[in-house]
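Below you'll find the structure, written out as structure tokens, and then a few comments.
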Amino acid sequence: MASIRRTLSPPYHDRHYPNGETQVAVPAPSHKPFAASAKPSSASPGVGACRFLAFVLLGKQPRRSWRRSLYRCLLFFLFGFLFGMTPFGHVNELQAPDFSLDIKPPNVNVNVNSRLENAIHRPVRRDEFLHKSLNLEVGAGVGANSGGSSDLVPRKQLIVVTPTYSRAAQAYFLNRLGQVLRLVPPPLLWIVVETNVVSAETADILRKSGVMYRHLVCTKNSTDIKDRGVHQRNTALEHIEHHKLDGIVYFADDDNIYSLELFHSLRHIRHFGTWPIAMLAQSKNKAILEGPVCNGSQVIGWHTNEKSKRLRRFHVDMSGFAINSTILWDPKRWRRRTPHPIRQLDTVKEGFQETTFIEQVVEDESQMEGIPFGCPRIINWHLHLEARKFIYPKGWLFDKNLEADLMVM
Ligand code: UDP
Ligand code: MN
């Protein structure tokens, strides 16, 4: 370094100022950073090369002006920029670069069949990733038939209404239903209604269910067991109407059996959807099939093998239909004539709750949608089990250890 400085031309020599500071010398006439050509008489032939080396390797020449530093910066920036833009490898220059977000899951070392393996190792595309994280359905709903995979529609909320009460079988029924609902892709709101009080047993099951829920109380008590369920469902309807909850409302009693296909199909309902159900009663020796006969999604008739209920306008079970919640709180949207709230009636005889409710919602079959397409199979089962009054430990918790059976040897 010192030897290089010694070779500098006189104009580059330091000037010493009275205050003892060394100031940068006045620039030489030539501003070229490695100006071997502007050589002073004392410069050796290798001076230019040395300056260049010093310039490149040491990177600083405190005696030069700020402009030189600036030029150097610009020069290096230019080199870096050109280097960065140089295409390496096999990039097809005619193709636009693919910036799609491909997230590859780590390899999973398990023995799986090839189809499952494909599913595990297949990269997740950006649209799928968005779909999963934003609750979007690809090509569902309005754009379902357009054929384009770019139709991203928010998934419809499902509002599942369940009347319930504490009894021995409740933990079994409510846990079973809760675990199915947990498998349904969100958004899903479970409205669970009890009479008089929020019981600790029900609250505990709901808390552990992992499902988004609201636990409501129906204050209207009734001596008739059938009417209790009706009033509880009405409490949920009032709640949906009051809070203008938006989604597909489905009445799911706690003791019935529901498939995931059912909840998937509910999301295709626009206004009013219905489907056939199977009723399993202990007192009968055959399954009662009840519900719409469909031509595609069009309802063209009804089926029931319950002779006592032939007078009903619509042969639909409580667990065999679902409605758009906006019908409850936005009548103008559906051109509904009566301004009265839509409710289940406790004044009609058993078996007529469903038809009298549906008559408030739609005028005729033309406003109905049969699901799944063609109504080809049973997707849920209504159980009529005898409600036996078992004695059981409350909440299925033990205050003290169970008594051990003494083994007689
Ligand atoms: N239910 C209720 N309180 C009662 C009786 C019934 O909450 O006092 C609920 C019950 O848990 C179920 C629904 O109402 O979710 C229908 O009751 P049930 O299964 O006894 O009626 P069914 O299937 O015989 O029509
Ligand atoms: Mn039941």
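Any value given below was found using the heavy atoms of this structure, including those in side chains, with hydrogens, waters and symmetry copies removed.
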**Message:** If the condition is salt bridge (charged side-chain N to carboxylate O under 4.0 Å, His left out), which residues does E359 pass it with, not counting sequence neighbours?
**Reply:** none
**Request:** Could you tell me whether a side-chain N or O of T235 sits under 3.5 Å from a main-chain N or O of H231, the two making a donor and an acceptor?
**Result:** yes
**Prompt:** Do V161 and I240 touch side chain to side chain, with heavy atoms closer than 4.5 Å?
**Reply:** yes
**Message:** Looking at L216, is its backbone amide N or carbonyl O close enough to the side chain of E194 to form a donor-acceptor pair, meaning the two atoms are under 3.5 Å apart?
**Reply:** no
**Request:** Report the distance from atom CD1 of I323 to atom CD1 of I358, rounding to the nearest 0.5 Å.
**Result:** 9.5 Å
**Prompt:** Is it true that F272 and F314 have ring centroids separated by less than 6.0 Å?
**Reply:** no
**Message:** What I want to find out is whether R233 reaches D253 closely enough, with some N-O distance under 4.0 Å, to be called a salt bridge.
**Reply:** yes
**Asked** Under 4.5 Å between any side-chain heavy atoms of T202 and S166, yes or no?
**Response** yes
**Prompt:** For L237, does its backbone N or O pair with a side-chain atom of E241 as donor and acceptor, under 3.5 Å?
**Reply:** no
**Request:** Go through the side-chain N and O atoms of T164 and D254 and say whether any donor and acceptor fall under 3.5 Å apart.
**Result:** yes
**Complete:** Taking every heavy atom of F263 against every heavy atom of S259, the minimum-distance pair comes out as CD1-O, 3.4 Å
**Prompt:** Does the side chain of H215 reach to within under 4.5 Å of the side chain of V193, using non-hydrogen atoms?
**Reply:** no
**Asked** Can L245 and R214 be said to form a side chain to side chain contact (heavy atoms under 4.5 Å, CB included), step by step?
**Response** CA-CA 12 Å; L245 301 183; R214 293 189 189 175; 3.8 Å; yes
**Item:** Pairwise side-chain contact, Q157 with I248, heavy-atom cut-off 4.5 Å (strictly under)
**Value:** no
**Request:** For D255 and F173, indicate whether the former's side chain and the latter's backbone hold a donor-acceptor pair under 3.5 Å.
**Result:** no
**Message:** Could you check whether any side-chain heavy atom of Y165 comes within less than 4.5 Å of a side-chain heavy atom of Q232, counting everything from C-beta outward?
**Reply:** no
**Considering all heavy atoms, the nearest P185-R155 contact** = CB-NH1, 3.3 Å
**Asked** Hey, what's the ring geometry for H264 with H268, parallel, tilted or perpendicular (30° and 60° as the breaks)?
**Response** perpendicular
**Prompt:** Any sub-3.5 Å donor-acceptor pair from R313's side-chain atoms to T356's backbone N or O?
**Reply:** no
**Prompt:** For the rings on W275 and Y258, is their centre-to-centre separation under 6.0 Å?
**Reply:** no
**Message:** Given 3.5 Å as the limit, does a donor-acceptor pair link the side chain of D317 with the main chain of S319, or not?
**Reply:** yes
**Request:** Mind listing the closest non-hydrogen atom pair of S265 and I379 along with its distance?
**Result:** OG-CD1, 4.5 Å
**Prompt:** Which heavy-atom pair separates V160 from A252 by the least distance, and what is that distance?
**Reply:** CG1-CB, 3.6 Å
**Prompt:** Among pairs that include at least one residue of residues 276-363, which meet disulfide bond (SG atoms under 2.5 Å apart), considering only residues two or more places apart or in two chains?
**Reply:** C294-C375
**Complete:** In this structure, CD of E354 is separated from CE of M318 (nearest 0.5 Å) by 4.0 Å
**Request:** Could you please spell out the steps behind the side chain to side chain contact (heavy atoms under 4.5 Å, CB included) verdict for K220 and D227?
**Result:** CA-CA 10 Å; K220 193 168 179 179; D227 288 349; over 6 Å; no
**Prompt:** When rounded to the nearest 0.5 angstrom, what is the spacing between CG in D330 and CG in N324?
**Reply:** 9.5 Å
**Flag, side chain of S325 to backbone of G247, donor-acceptor distance under 3.5 Å** = yes
**Message:** Going by the rule salt bridge (charged side-chain N to carboxylate O under 4.0 Å, His left out), which residues pair with D246 if we only count those two or more places apart in sequence or in a different chain?
**Reply:** none
**Asked** Can you find a side-chain donor-acceptor pair between R176 and Y172 that sits under 3.5 Å?
**Response** yes
**Asked** Judged by atom type as modelled, is there a donor-acceptor pair below 3.5 Å linking the side chain of E369 to the main-chain atoms of H271?
**Response** yes
**Asked** Is the count of non-hydrogen atoms from other residues, nucleotides or ligands lying under 6.0 Å from R335 atom CZ greater than 12?
**Response** no
**Message:** Between D346 and S222, is there a side-chain heavy-atom distance shorter than 4.5 Å?
**Reply:** no
**Asked** Is a side-chain donor or acceptor of E290 paired with a backbone partner of I277 at a separation under 3.5 angstrom?
**Response** no
**Request:** Look up atom CD1 in I288 and atom NE2 in H303, then write down how far apart they are to the nearest 0.5 Å.
**Result:** 9.5 Å
**Message:** Between R267 and K156 (side chain of the first, backbone of the second, donor and acceptor by atom type, cut-off under 3.5 Å), is there such a pair?
**Reply:** yes
**Message:** Testing the 3.5 Å rule here: is there a donor-acceptor pair between the side chains of E201 and W396?
**Reply:** no
**Prompt:** How close do P393 and F398 get, heavy atom to heavy atom, and via which atoms?
**Reply:** CG-CE2, 4.2 Å
**L345 vs V348 side-chain heavy atoms within contact, under 4.5 Å** = yes
**Asked** Is there a side chain to side chain contact (heavy atoms under 4.5 Å, CB included) between N221 and N196 once you walk through the steps?
**Response** CA-CA 7 Å; N221 205 349; N196 290 333; 3.0 Å; yes
**Request:** Kindly determine whether M368 and V362 satisfy side chain to side chain contact (heavy atoms under 4.5 Å, CB included), including the steps that lead there.
**Result:** CA-CA 8 Å; M368 296 182 172; V362 290; 3.7 Å; yes
**Prompt:** For F352 and F357, what are the C-alpha separation, side-chain angles and deciding distance, and is it a ring-ring contact (aromatic ring centres under 6.0 Å, His included)?
**Reply:** CA-CA 8 Å; F352 281 71; F357 179 83; over 10 Å; no
**Message:** Given W302, which partner from the list H315, R310, R312 fulfils the side-chain contact (heavy atoms from CB on, under 4.5 Å) test?
**Reply:** H315
**Message:** Quick check: do Y250 and N380 have side-chain heavy atoms less than 4.5 Å from each other?
**Reply:** yes
